[in-house]
Amino acid sequence: MCGRSRCTLRADDIPRACNRTGAPVRTINMDSYLPSYNVAPGSNLPVVRRAEGSDVDGFLLHSMKWGLIPSFTNKTDKPNFYKMFNARSESISEKASFRSLLPKGRCLVAVEGFYEWKKDGSKKQPYYIHFKDGRPMVFAALYDSWENSEGEILYTFTILTTSSSSALQWLHDRMPVILGNKESTNTWLNGSLSSKFDMMLKPYEDSDLVWYPVTPAMGKPTVDGPECIKEIQLKTEGKNPISKFFLRKQIKEQESNLEEKSLFDESVKTSPLKSLKEDPIKEMKDEQESDLEQKNSCDKLAKGSQPKRLKHEPVTADDTGTQSFVKKGDDDKVKSSAYMLPNEETAKKQTKQGDEEFVADLKSGPDRRDKLDMILVKKKGNIKDTGGKQPTLFSYFGKK
């Protein structure tokens with residue numbers, strides 16, 4: 001696609017650019033041509049075409065409006081120069097608007113460069129495309145004439161386009177047909193309908209076509225001047241400190257993931273599939289044997305430490321209460337009989353022995369009454385010290 005161009009050429013430079021140097025070239029309507037850095041459809045541009053009529057020889061330099069208005073357009077219609085400012089070269093022999101122009105409506109358009117926009121979401125960045133050495137480029141075009149209701153004849157033209165070159169595909173999928181040598185310009189102007197136009201209407205693939213970004217302000221046709229072709233520096237994400245920060249963070253995360261993966265691979269290598277090959281039943285047996293060994297060691301520890309105190313020291317109500325508290329608060333291993341039963345059995349035996357002594361004292365007669373009272377008082381005091389534990393035989397007789 002070609003919707004904007006730069007043409008600041010002088011009138012006498014245009015025929016030379018189109019390889020028309022052998023004979024003088026007449027000019028038509030050239031006073032309407034205004035050199036511009038930002039030419040849009042509807043503007044006037046010089047066009048090189050063949051002279052019409054058998055009595056006229058040579059070529060003409062004719063200033064026409066950019067944007068084709070076919071001759072069969074209704075005279076009362078308002079011309080729309082943006083409707084056909086480009087024509088697809090692949091279909092010019094099929095569409096009626098262009099097919100009738102092929103015999104005598106071929107022409108050349110010389111410019112210094114053209115603009116194309118790169119779309120990035122809702123944003124569009126224009127680029128200026130031109131030849132590296134600054135020479136003019138020549139486009140293949142078709143022209144026609146139309147008479148309006150007032151009897152005025154208007155000459156208009158359209159620029160042919162083709163698929164984009166391999167170097168410009170990133171920018172746009174279409175580009176103007178550039179005729180890069182004298183042979184191609186002569187064939188387009190003078191060739192018969194039998195000429196192989198397909199050989200010329202191809203993308204321009206030479207490496208001397210260059211480009212650079214320009215100000216988006218030139219998107220408005222009213223903006224004109226050298227600033228339209230001034231190269232600008234685009235803000236890239238790599239120059240943004242914030243984007244650099246997140247880029248470094250992403251790199252660190254990737255490095256960390258690679259390190260973790262490497263450690264995992266090393267662990268797999270150093271501990272091969274040995275555990276997967278072992279018998280699971282054997283592992284369960286080993287675990288059970290290990291648990292039994294731990295339990296036996298715990299039993300030995302309990303038997304080796306606790307009974308010494310039980311054999312040589314009397315068990316008081318405070319000791320019984322402490323053991324009861326430990327029994328309720330600890331885990332299942334602490335609740336095992338190997339740890340708690342020695343204290344409880346000893347306490348029961350001593351309690352039973354005390355009860356038997358008390359009954360014996362009752363049977364001994366009234367002369368033992370004083371001793372009985374002393375025992376009851378002592379036992380009652382011990383019960384209060386237990387902090388609300390279960391009543392014993394002593395507490396029963398004490399309450400009476």
Side-chain angles (χ1 to χ4, degrees), residues 2-5 7-15 17-18 20 23-36 38-89 91-111 114 138-161 176-177 179 185 188-193 197 221:
C2 177
R4 297 289 179 87
S5 63
C7 186
T8 56
L9 298 170
R10 296 183 306 177
D12 56 348
D13 290 334
I14 296 173
C18 298
R20 303 296 98 192
V25 177
R26 296 186 299 113
T27 62
I28 299 176
N29 197 30
M30 284 300 294
D31 57 347
S32 64
Y33 164 60
L34 297 176
S36 174
N38 193 3
V39 182
S43 302
N44 285 279
L45 279 179
V47 171
V48 175
R49 67 176 179 88
R50 286 182 297 176
E52 299 174 357
S54 58
D55 56 341
V56 179
D57 190 15
F59 300 89
L60 298 175
L61 182 61
H62 192 168
S63 178
M64 302 181 183
K65 283 190 177 294
W66 184 11
L68 187 70
I69 306 297
S71 57
F72 53 80
T73 303
N74 195 314
K75 292 184 178 182
T76 58
D77 289 348
K78 184 178 180 180
N80 183 0
F81 300 107
Y82 281 87
K83 188 175 182 180
M84 286 188 287
F85 61 87
N86 284 158
R88 296 177 66 90
S89 59
S91 60
I92 55 175
S93 60
E94 301 172 1
K95 294 186 177 181
S97 301
F98 310 124
R99 184 176 60 245
S100 61
L101 304 179
L102 285 175
K104 296 182 179 181
R106 286 170 282 169
C107 62
L108 302 174
V109 179
V111 298
F114 66 99
V138 181
F139 297 153
L142 294 172
Y143 77 94
D144 202 354
S145 61
W146 168 70
E147 184 178 356
N148 60 19
S149 59
E150 298 177 357
E152 180 184 3
I153 298 176
L154 183 65
Y155 283 85
T156 60
F157 70 92
T158 182
I159 296 175
L160 302 188
T161 64
V177 174
L179 304 176
T185 55
W188 181 248
L189 280 179
N190 300 324
S192 62
L193 291 179
F197 295 124

message: For a side chain to side chain contact (heavy atoms under 4.5 Å, CB included) check, start with the C-alpha distance between C18 and T185, then their side-chain angles and the critical distance, and finish with the verdict.
response: CA-CA 7 Å; C18 298; T185 55; 5.7 Å; no
query: Looking only at atom types and distance, does a side-chain atom of T158 sit under 3.5 Å from a main-chain N or O of L68, one as donor and one as acceptor?
result: no
- request: Determine yes or no for a side-chain-to-main-chain donor-acceptor pair under 3.5 angstrom, with D144 supplying the side chain and P70 the backbone.
  value: no
statement: Residue set satisfying side chain to side chain contact (heavy atoms under 4.5 Å, CB included) with S145, at least two apart, ordered chain then number -> I153, Y155
Over all atoms of both residues, closest heavy-atom pair of A140 and L179: CB-CD1, 4.0 Å
- prompt: Heavy-atom distance under 4.5 Å between the side chains of F114 and P176, does that happen here?
  reply: yes
- request: Please check if the side chain of T156 supplies one atom and the backbone of W66 the other of a donor-acceptor pair under 3.5 Å.
  value: no
field: Which atom of K104 lies closest to which atom of R50, heavy atoms considered
entry: CA-NH2, 3.7 Å
message: Donor-acceptor pair, distance only, cut-off 3.5 Å: does the side chain of W146 make one with the backbone of F72?
response: no
task: Output all residues satisfying salt bridge (charged side-chain N to carboxylate O under 4.0 Å, His left out) with D13, sequence neighbours left out; order by chain, then residue number.
output: R10, R16
message: side chain to side chain contact (heavy atoms under 4.5 Å, CB included) for F139 and V111? Distances and angles first, verdict last.
response: CA-CA 8 Å; F139 297 153; V111 298; 3.5 Å; yes
message: Going by the rule side chain to side chain contact (heavy atoms under 4.5 Å, CB included), which residues pair with I28 if we only count those two or more places apart in sequence or in a different chain?
response: R49, L60, H62
Heavy-atom pair of closest approach, residues A40 and Y82: CB-OH, 3.9 Å
Residues forming a side chain to side chain contact (heavy atoms under 4.5 Å, CB included) with S93, sequence neighbours excluded: L102
task: With sequence neighbours left out, write down each residue that passes side chain to side chain donor-acceptor pair (under 3.5 Å) with S97, or none if nothing qualifies.
output: none
- request: Take I14 and L61, measure what side chain to side chain contact (heavy atoms under 4.5 Å, CB included) needs, and give me the verdict at the end.
  value: CA-CA 8 Å; I14 296 173; L61 182 61; 3.6 Å; yes
- line: Residues A141 and F157: closest non-hydrogen pair is CB-CD1, 4.5 Å
message: Which residues pass the side chain to side chain donor-acceptor pair (under 3.5 Å) test with S36, not counting sequence neighbours?
response: D224
- prompt: Do I92 and L160 come close enough that some side-chain heavy atom pair is under 4.5 Å?
  reply: yes
- prompt: Given side chains that start at C-beta, do those of F98 and R88 come closer than 4.5 Å, heavy atoms only?
  reply: no
- prompt: Looking at side-chain heavy atoms only, is the closest gap between R106 and L101 below 4.5 Å?
  reply: no
field: For S32, side chain to side chain contact (heavy atoms under 4.5 Å, CB included) partners two or more places apart
entry: N29, N44, S63
task: For the residue pair C7 and Y33, establish whether any side-chain heavy-atom pair is separated by less than 4.5 Å.
output: yes
query: Any idea which heavy atoms bring S89 and T161 closest together, and the distance?
result: OG-O, 2.8 Å
query: Which residues satisfy the side chain to side chain donor-acceptor pair (under 3.5 Å) test with E150, sequence neighbours excluded?
result: none
task: Please list, chain by chain and in numerical order, all residues satisfying salt bridge (charged side-chain N to carboxylate O under 4.0 Å, His left out) with R4, sequence neighbours excluded.
output: none
- prompt: What closest approach, in Å, do C107 and W188 show between heavy atoms, and which atom pair accounts for it?
  reply: O-NE1, 3.0 Å
field: Non-neighbouring partners of S149 that pass side chain to side chain donor-acceptor pair (under 3.5 Å), sequence neighbours left out
entry: none
